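Below is one structure; the comments refer to it alone.
Please read all numbers here as calculations on a predicted model, not as lab measurements. Note: hydrogens, waters and symmetry copies are ignored here, and every other heavy atom, side chains too, is used.
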Amino acid sequence: MKELIAITMTIFAIGLLTIYGLDVIFSNISQGFLPFNHMVRGLGLGVPALVLPLLSFFITKNLINTKLGILIIINGVLIIIGGIAVIVPDSTKTMKINTYVESMFLIAIGCLTIFAGTKKIRN
């Protein structure tokens, strides 16, 4: 039962990251399809997507599950892509230091998530 809950939470987190990323892409083109600003979108979609895979790892800490590990790794890769995407479009402009800090935080959390996924596979 714990495994099913953990897999569901991780799939939900991947869905949140996908919706978040698509909305950011569309907001660069036009307004985006969600009526949220940057902060609300980050808190509502981004924070749960960061927390849920790590929570699912700790719920099933002593269990080995390859499917869950792969899903956690996918989530971590999406987080890292999001962290890199924060910096890349504005590389020609001068950026504030907090943008770099946010990006490095996302990349670090993504690496931690990938590490948790690999540990879940080869525990």
Side-chain angles (χ1 to χ4, degrees):
M1 186 65 178
K2 287 182 183 180
E3 293 178 23
L4 181 62
I5 292 170
I7 288 172
T8 304
M9 288 186 340
T10 307
I11 290 172
F12 184 70
I14 291 171
L16 287 175
L17 282 176
T18 304
I19 291 169
Y20 189 172
L22 288 173
D23 189 52
V24 169
I25 290 170
F26 284 118
S27 69
N28 289 338
I29 297 169
S30 64
Q31 183 181 356
F33 57 86
L34 294 176
F36 303 130
N37 64 13
H38 174 71
M39 187 178 84
V40 173
R41 186 173 45 209
L43 290 175
L45 298 174
V47 173
L50 296 176
V51 173
L52 287 175
L54 296 175
L55 185 62
S56 67
F57 172 78
F58 286 113
I59 287 173
T60 61
K61 188 172 183 181
N62 295 326
L63 300 174
I64 297 171
N65 190 323
T66 305
K67 183 178 179 180
L68 178 60
I70 290 170
L71 288 171
I72 292 173
I73 290 171
I74 290 170
N75 190 283
V77 168
L78 289 174
I79 293 169
I80 290 174
I81 289 171
I84 293 171
V86 169
I87 296 175
V88 172
D90 292 334
S91 62
T92 57
K93 299 179 187 175
T94 56
M95 295 176 60
K96 297 179 181 176
I97 191 72
N98 64 348
T99 305
Y100 286 109
V101 170
E102 288 174 12
S103 179
M104 291 302 124
F105 174 74
L106 288 174
I107 292 170
I109 293 293
C111 290
L112 177 69
T113 306
I114 290 173
F115 176 73
T118 56
K119 201 152 169 61
K120 183 58 63 189
I121 292 173
R122 65 177 178 159
N123 194 4

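- Under the 4.5 Å side-chain heavy-atom criterion for Ile, Leu, Val, Met, Phe, Trp and Tyr, I81 and F115 are members of distinct hydrophobic clusters.
- Between the NZ atom in K61 and the NZ atom in K2 there is a gap of 12.0 Å [rounded to 0.5 Å].
- Across every non-hydrogen atom of G44 and P48, the tightest pair is O-CG, 3.4 Å.
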Under 3.5 Å, which donor-acceptor pairs do the side chains of residues 65-80 form with other protein atoms, sequence neighbours left out?
from: N65; atom 1: OD1; to: K67; atom 2: N; distance (Å): 3.1
from: N65; atom 1: OD1; to: L68; atom 2: N; distance (Å): 3.2
from: N65; atom 1: ND2; to: E3; atom 2: OE1; distance (Å): 3.0

With a cut-off of 3.5 Å and sequence neighbours excluded, list every side-chain donor-acceptor pair involving residues 5-17.
from: T8; atom 1: OG1; to: L4; atom 2: O; distance (Å): 2.7
from: T10; atom 1: OG1; to: A6; atom 2: O; distance (Å): 2.9
from: T10; atom 1: OG1; to: S56; atom 2: OG; distance (Å): 2.9

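- Clustering of Ile, Leu, Val, Met, Phe, Trp and Tyr side chains at separations under 4.5 Å places L112 together with L54.
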